[in-house]
*Asks:* 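Before I ask anything, let me first share the structure, which is written out below as structure tokens.
Just so we're clear, the structure is a prediction, and the values are computed from it rather than from any experiment. Numbering of residues begins at 1 and proceeds along the displayed sequence.
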Amino acid sequence: MPEHDAPPYRIEAGTTLAAVLRKPPIDAIDARILVCHGLKLSRVQLITQSEHALDTKQAQLLSDLFIRRLAGEPVAYIIGEREFFGLALYTTPDVLIPRPETELLVELALERLPQRGRVLDMGTGTGAIAIAIAHTRPDAAVTAIDASGAALQVAQRNATQHGVHVQFMESDWYAALDGQHFDLIVSNPPYIVANDPHLSQGDLRFEPIDALTDHADGLSALRTIVHGAATHLMPAGWLLMEHGYDQAEAVRGLLQRNFDAVQSWKDLAGIERVSGGMVRGSSS
Ligand code: GLN
């Protein structure tokens with residue numbers, strides 16, 4: 001874990017919750033989430049117990065949580081959870097923290113998923129995309145791969161937690177999928193360019209580097225996924241991939257050769273965030 005100097009911060013015993021939250025040293029919403037987590041309070045209890053004075057242990061506990069956040073550690077890793085598509089997902093430093101923009105990829109996938117369709121999620125991480133699809137469409141047969149065994153353990157725990165069946169496999173992209181065909185392939189692969197300054201800023205510093213960057217031009221994982229997709233898609237099957245804010249045109253270019261109806265979709269911030277197409281001709 002990277003080392004970061006946090007400014008000194010200490011909550012004194014006897015301080016009320018209201019006082020702690022009035023001027024937190026971190027983002028106000030983060031502070032509320034950490035207090036609820038640390039003291040095991042619901043959001044309503046946080047309000048009804050706002051005049052509660054912290055004892056020594058509680059003051060220490062909250063100081064420690066705030067100091068971790070001040071040092072830059074993402075809230076999702078501190079509390080071990082992040083919500084995605086309405087599902088609370090267990091989240092550890094072995095996996096990328098689910099992002100709201102990835103919900104666009106799930107929505108586009110759901111629109112294109114035939115009854116009892118077979119779906120493949122490549123580089124599943126927390127399992128977010130695969131589990132959101134399986135949860136919304138119990139008729140679907142969802143397979144999810146990741147090259148990281150640690151990530152697959154997190155994903156399996158999330159699938160079990162939400163009572164969905166996903167077939168998880170350890171695989172370097174298509175390596176373990178010989179002869180398997182799908183109606184839909186989805187992926188949020190590592191797409192940040194090697195040495196992008198964002199990798200050493202903010203929450204990204206704490207996330208698994210191999211989930212963020214391909215250590216190359218940012219397009220190598222996307223290229224691998226596109227190249228293998230034609231042989232793993234059923235006729236008229238779709239490939240949908242998330243990518244970086246400036247990669248839409250390049251990804252459409254990769255798709256042109258073997259896909260029809262190639263297009264990109266904008267996320268809520270108005271950024272082209274997902275591109276995809278329908279495989280041309282029959283699967284081979
Ligand atoms: N969307 C992430 C970010 O820019 C990157 C995730 C990825 O590389 N798949 O922070």
*Asks:* Quick one: do the Asp210 and His215 side chains pair a donor with an acceptor below 3.5 Å?
*Replies:*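 Indeed, the side chains of Asp210 and His215 share at least one donor-acceptor pair under 3.5 Å.
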
*Asks:* Tell me, please, which residues at least two apart from Asp203 pass salt bridge (charged side-chain N to carboxylate O under 4.0 Å, His left out).
*Replies:*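 So Asp203 forms a salt bridge (charged side-chain N to carboxylate O under 4.0 Å, His left out) with Arg69.
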
*Asks:* Taking only Lys NZ, Arg NE, NH1 and NH2, and the carboxylate oxygens of Asp or Glu, determine whether Asp267 and Arg99 approach each other closer than 4.0 Å.
*Replies:*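 Judged by the 4.0 Å cut-off on N to carboxylate O distance, Asp267 and Arg99 do not form a salt bridge.
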
*Asks:* If hydrophobic clusters are built from ILVMFWY residues whose side chains come within less than 4.5 Å, do Leu96 and Ile133 share one?
*Replies:*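 No, separate clusters.
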
*Asks:* Do Leu70 and Tyr9 make a side-chain contact, defined as non-hydrogen atoms from C-beta onward lying under 4.5 Å apart?
*Replies:*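 Yes, their side chains come closer than 4.5 Å.
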
*Asks:* Hey, mind stepping through Gln60 and Thr56 against side-chain hydrogen bond (donor to acceptor under 3.5 Å, both in side chains) and telling me if it holds?
*Replies:* CA-CA 6 Å; Gln60 183 64 51; Thr56 310; over 6 Å; no

*Asks:* Which one of Arg252, His243, Gln247 satisfies the side chain to side chain donor-acceptor pair (under 3.5 Å) criterion with Ser275?
*Replies:*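 When Arg252, His243, Gln247 are each tested with Ser275, the side chain to side chain donor-acceptor pair (under 3.5 Å) holds only for His243.
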
*Asks:* Is it true that Glu101 and Lys266 have a side-chain N and a carboxylate O under 4.0 angstrom from each other?
*Replies:*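 Result for this pair is no, no salt bridge flagged.
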
*Asks:* Please assess Glu81 against His37 for the test side-chain hydrogen bond (donor to acceptor under 3.5 Å, both in side chains), listing each intermediate value before the final yes or no.
*Replies:* CA-CA 10 Å; Glu81 191 175 291; His37 171 75; over 6 Å; no

*Asks:* I'd like to know whether Tyr191 forms a side-chain hydrogen bond (donor to acceptor under 3.5 Å, both in side chains) with Glu242, so could you lay out the CA-CA distance, the side-chain angles of the two residues, the decisive distance to 0.1 Å, and finally the verdict.
*Replies:* CA-CA 9 Å; Tyr191 55 66; Glu242 179 174 320; 2.7 Å; yes

*Asks:* Between Arg116 and Asp139, does at least one N-O distance fall below 4.0 Å, as a salt bridge requires?
*Replies:*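 No.
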
*Asks:* Please examine the side chains of Val226 and Leu239, heavy atoms only from C-beta on, and report whether any two atoms are closer than 4.5 Å.
*Replies:*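 Yes - at least one pair of side-chain heavy atoms lies under 4.5 Å apart.
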
